[in-house]
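A short worksheet on the structure shown next.
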2 protein chains.
Amino acid sequence: MPTTPIAQHMNLRVKTLPGLREQVAERLRMAIVTGHFKPGERLIERELCDRMGVSRTSLREALRELQADGLITLKPNKGMSVSVLTVETTRSIYEVRRMLEGLAARLFAKRATPEQMQALRESVDELAEVYRNFSPEAFIRVKGQFYDILLLGAGNEVAADMLRRIHTRVSQLRVVSLSSEERAQRSIKELRAFCDALEARDEDLAWELCLDHVEKAATAALSSIAESQPQD
Amino acid sequence: MPTTPIAQHMNLRVKTLPGLREQVAERLRMAIVTGHFKPGERLIERELCDRMGVSRTSLREALRELQADGLITLKPNKGMSVSVLTVETTRSIYEVRRMLEGLAARLFAKRATPEQMQALRESVDELAEVYRNFSPEAFIRVKGQFYDILLLGAGNEVAADMLRRIHTRVSQLRVVSLSSEERAQRSIKELRAFCDALEARDEDLAWELCLDHVEKAATAALSSIAESQPQD
DNA sequence: TATTGTATTTTTGTATGGCAAAAAACAAGG
DNA sequence: CCTTGTTTTTTGCCATACAAAAATACAATA
């Protein structure tokens with residue numbers, strides 16, 4: 001005879017497919033990248049449990065995931081805190097990202113189907129559209145779409161995973177990449193050239209363009225850190 | 001007034017510095033890479049708890065870590081199992097490893113101190129010594145040393161982390177790289193050439209040599225999978 | 001008042017036990 | 001042998017507990 005469970009949890013979601021733990025991890029991820037939790041901020045387990053309405057068990061497991069992603073840092077017997085991106089770490093991240101995105105570009109040029117090429121080009125068009133009528137949300141969405149297509153066409157899940165983690169990590173910085181008009185135009189032009197190289201199956205060129213692009217992003221990110229932390 | 005605790009757990013280690021959970025994770029990692037747990041094998045939580053003498057709480061958190069490392073795979077409501085390396089995944093891993101090790105080589109050539117260069121060369125000498133009087137354990141140890149020096153000198157912790165995870169993952173394959181005499185000699189020669197390039201600060205050459213080396217390793221690994229899984 | 005030392009409260013790390021729901025194992029009937 | 005129904009396992013999550021570490025508050029002394 002089963003005891004009456006009574007709904008031991010009221011604010012339980014409709015039990016959507018992904019496990020509760022994954023939902024928690026995702027919500028925390030979002031909270032961090034959207035700046036709701038600031039870098040260096042300490043995360044008290046009980047507090048988070050209350051705020052999110054889950055048990056410590058689930059919460060702590062979710063925290064392990066974020067820890068593995070490098071998004072939060074554990075100091076033994078002191079607890080979790082949101083990782084702070086030092087200049088050093090950021091440089092490291094972009095060095096890695098440069099190589100992996102370059103790899104993805106190369107692989108896409110080599111393996112992508114014509115449909116994927118087409119899809120990529122269309123997402124660039126969408127991006128151009130977003131630039132004409134800017135909104136941060138749309139920008140994030142379309143840019144994410146672009147990357148998803150690129151990574152799918154590259155056909156390397158391992159690289160895709162790592163790049164996705166890297167993207168989440170650096171999105172903490174919220175580098176306000178270009179609101180200026182000409183910067184946007186140039187960006188789109190670069191992306192179209194990138195697509196051209198891919199469609200021409202010109203691996204080397206695609207690689208080169210990609211490296212340059214990440215290089216610029218790195219510079220922007222690093223200067224964004226520098227100005228937020230005047231360490232002179 | 002504190003209640004009598006009585007030692008709620010007898011087989012508790014001497015509480016060495018790394019937390020219990022990390023110990024568990026490490027033990028499981030080892031069990032997997034040493035082949036004690038076979039690929040595809042299912043891991044039952046209760047069983048592992050009993051075998052390792054820890055609670056489900058700690059065990060499950062440790063499992064999350066391994067999951068993030070890609071070492072074990074979770075199927076919802078079905079539990080954990082040791083990840084199986086498909087040909088596809090292995091190719092992906094080596095593509096990534098090629099780029100990241102190449103990067104490490106480049107960075108080492110650019111940044112390593114003369115002492116680190118020296119240390120690297122000495123570890124190659126040690127490796128040559130091991131070849132003369134072979135033992136698997138010594139081989140693993142010295143090779144690990146070599147990589148540690150390389151990654152330290154490269155000064156990129158992010159890349160280092162990823163490469164360490166990759167090494168763990170592929171060590172599951174246990175590619176019996178060379179027992180033959182001339183293969184060993186050639187390997188040492190290649191490593192010395194690599195050191196030469198690094199000491200000459202010749203980034204491009206170091207990169208090139210590194211890519212070639214990983215390429216060979218990839219071929220070996222892939223053929224090792226092919227023969228263990230005759231999929232015709 | 002500043003400082004140092006002690007007591008109190010928080011918070012982590014880990015353990016236990018419990019239960020619903022999914023999956024697997026098993027048994028019975030076609 | 002296949003299918004269907006029943007029992008056992010196992011997962012996913014929750015609540016609670018408590019020692020040990022850390023943070024904090026507090027008191028006493030210089």
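All chains are named by letter (A, B, ...) in the order of the sequence lines, taking the proteins before the strands, and each is independently numbered beginning at 1.
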>> What I want to check is whether the side chains of A:Arg64 and A:Gln67 have a donor and an acceptor closer together than 3.5 Å.
In response: yes
> To the nearest angstrom, how far is B:Asn77 atom CG from C:dA22 atom C1'?
Replying inline: 5 Å
>> Among residues at least two apart in sequence or on other chains, which ones pass side-chain hydrogen bond (donor to acceptor under 3.5 Å, both in side chains) with B:Glu88?
In response: none
>> Can you tell me if B:Arg46 has over 12 outside heavy atoms packed within less than 6.0 Å of its CZ?
In response: no
>> What I'd like to find out is whether the side chain of A:Ile166 reaches to under 4.5 Å of the side chain of B:Met162, using heavy atoms alone.
In response: yes
> For B:Asp161, which residues count as a side-chain hydrogen bond (donor to acceptor under 3.5 Å, both in side chains) partner, sequence neighbours excluded?
Replying inline: none
>> Is it the case that the base of C:dG17 and the side chain of B:Arg56 share a donor-acceptor contact (distance under 3.5 Å, atom types as modelled)?
In response: no
> Between B:Ala104 and B:Leu163, which heavy-atom pair has the shortest distance, and what is it?
Replying inline: CB-CD1, 4.4 Å
> Can you tell me how far C1' of C:dA15 sits from CD of B:Gln23, to the nearest Å?
Replying inline: 16 Å
> Do any of residues 60-70 of chain A sit with a heavy atom less than 4.0 Å from DNA chain D, and if so which?
Replying inline: none
> Expressed in angstrom and rounded to an integer, what is the separation of A:Leu20 atom CG from D:dA15 atom C1'?
Replying inline: 15 Å
Give every donor-acceptor pair under 3.5 Å between a side-chain atom in residues 68-80 of chain B and any protein atom, sequence neighbours left out.
unit_1, atom_1, unit_2, atom_2, d
B:Asp69, OD2, B:Arg29, NH1, 2.4
B:Thr73, OG1, B:Ser83, OG, 2.7

> Where do B:Thr89 and B:Thr86 land on the side chain to side chain donor-acceptor pair (under 3.5 Å) test, with the steps shown first?
Replying inline: CA-CA 5 Å; B:Thr89 305; B:Thr86 65; 2.9 Å; yes
>> Without decimals, in angstroms, what is the distance between A:Lys75 NZ and D:dA23 C1'?
In response: 14 Å
> CZ of B:Arg21 versus C1' of C:dT12: gap in Å, rounded?
Replying inline: 10 Å
Listing time: all N or O pairs from protein to nucleotides 6-10 of chain D that are below 3.5 Å?
unit_1, atom_1, unit_2, atom_2, d
D:dT10, O3', B:Arg42, NH2, 3.3

>> Taking 4.0 Å as the cut-off, does a side-chain nitrogen or oxygen of A:Ser58 come that near to OP1 or OP2 on D:dG12?
In response: no
> Can you name the ring-ring contact (aromatic ring centres under 6.0 Å, His included) partners of B:Tyr147, sequence neighbours left out?
Replying inline: B:His167
> Taking atom C1' of D:dG12 as reference, at what distance in whole Å does atom CD of A:Glu22 sit?
Replying inline: 12 Å
> What nucleic acid atoms does B:Thr57 come within less than 4.0 Å of, heavy atoms only: base, sugar-phosphate, or nothing?
Replying inline: base
> From C:dT16, D:dC13, C:dG13, pick the nucleotide closest to the side chain of B:Ser55?
Replying inline: C:dT16
